[in-house]
Amino acid sequence: MIDDKNDNNEISRREFLELGSAAVASVAGMLAMTDVASAQSSPAGVKTGRTDRISDPGPTNKSLDAANADVSVPPLTDAGGVPTFKYPFSLSNRRVFEGGWSREVTVRELPVSKSMAGVNMRLTAGGIRELHWHSAAEWAIMLYGSARITAIDDEGRSFIRDSEEGDLWYFPKGIPHSIQGLGPDGAEFLLVFDDGDFSEYATVLLSDIVTHTPKEILLKNFGISKQSVAGMFNGELFIFQAPVPGPLEEDQKVAAGRLGPSPYDFSFRTRQQTPTKKTKSGEVLIVDSSTFKASTTIAAAIVTIHPGGMRELHWHQNADEWQYFISGNARMTVLATGHRARTMNFEAGDVGYVQHTLPHYIENTGNTDLKFVEMFKSNRYQDLSLSEWLAHTPPELVMAHLKIDKAAYDAIPKEKAVILPE
Ligand code: MN
Ligand code: MN
């Protein structure tokens, strides 16, 4: 394709974007951005030695290049080495079982992601992620279908809910829990952990406990018959197939026993919430411990951006941002210190990461809604926008920096819009 267009194998940013345009709705808009980028990085009379025309006559992975237009031919505003902040779940090893599969993106896959990790999991109808717990807290969002979640609270009281698409849950560290797919087609969900070093291979499993405890100890511990102990399961389950569970109310009643059900709610229904901020270009729902009380170590923003829209330039004072892209196409530039900046492209199933305090924007580059979640290891969501900073700084001070006139200064939004254009 490239050869057809260019005898000398030179690829310009413009042509490159056209090549990848299946997913690019606002090509015109992006081309305009390109021209601005070129102009800004090459002011009149200043030789930068950089160009937006490259050649690539040797081997290259054309499908990856096309899906990563801003990596293959970076905007001229990009500079220096910024560690990669993208990892697609598609490159993760998938552990496949009767009953479901799982794959993870941790600090081992994405070295910059030190504070958080994620697991993408599928369970068939009846498929069980076995009873377990871990040393990290677990936040989850249901992406497809429905599942029954069980846990006990610190007082040993039972918690059981059915989780539907869009619902969240949060299990603190050490709280034992399970997940089971419901009919008709089970579930798929995203788990996010407040520790980049987390691994789904390192969880405390019920099957591990009974397999590696001497039989006479199990006998003493449970007070069950010798035959029952002898016939007990040996090995690791992790994910396995079982019958679809019965009615929720029945499970809740039986599990509650004499203690009664837990008064804590480890789940949260996002569909019952009104957006925290809504503009004509999209909306954001912020969910942190101010509304989802249980979620004391993880805060989230669930963002939808319509075609042509953009999550404005901003940063987070308090925590790194772990992102998961649910649908659509995006590009994000992370502006690092020391004259460094890097732009990367994202689509459904990709994980992104921004270290705390580094400015960034996220632009919808597709012709469908862009949906993603921003996750933070914190009890509170926090951000500052570039516009609100400048709007609340003396105009002369800002104008002296940017060489803009008062009319341009006055046009800068006075409050953060979150999603632009308003
Ligand atoms: Mn878990
Ligand atoms: Mn952000």
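When a ligand or atom number is given, it counts from 1 through the structure's own listing order. Computed from a predicted model, the values in this text were never measured in an experiment.
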Problem set entry | Atom pair CG/CD1 of L237 and I128 - distance to nearest 0.5 Å | 8.5 Å

Can a donor-acceptor pair be found, under 3.5 Å and without considering hydrogens, that links the side chain of [X] to the backbone of [Y]?
X    : Y    : answer
H360 : L358 : yes
T291 : V287 : no
D167 : R269 : no

Problem set entry | NE2 (H360) to the Mn ion (ligand 2) to NE2 (H314) angle, given to the nearest 10 degrees | 80°

Ignoring hydrogens and angles, write down the donor-acceptor pairs under 3.5 Å from the side chains of residues 110-118, residues two or more places apart or on other chains.
unit_1	atom_1	unit_2	atom_2	d
S113	OG	L110	O	2.7
S115	OG	Y353	OH	2.9

Problem set entry | Test item: side-chain donor near acceptor, H314 and E388, under 3.5 Å | no

For this session: Anything protein N/O/S under 2.8 Å from the Mn ion (ligand 1)? Just list residue and atom, please.
Result: H132 NE2, H134 NE2, E138 OE1, H177 NE2

Exercise. Parallel, tilted or perpendicular: which describes the rings of H132 and H134, with under 30° parallel and over 60° perpendicular?
Worked result: tilted

Problem set entry | the Mn ion (ligand 2) to nearest N/O/S of E321 below 2.8 Å | yes

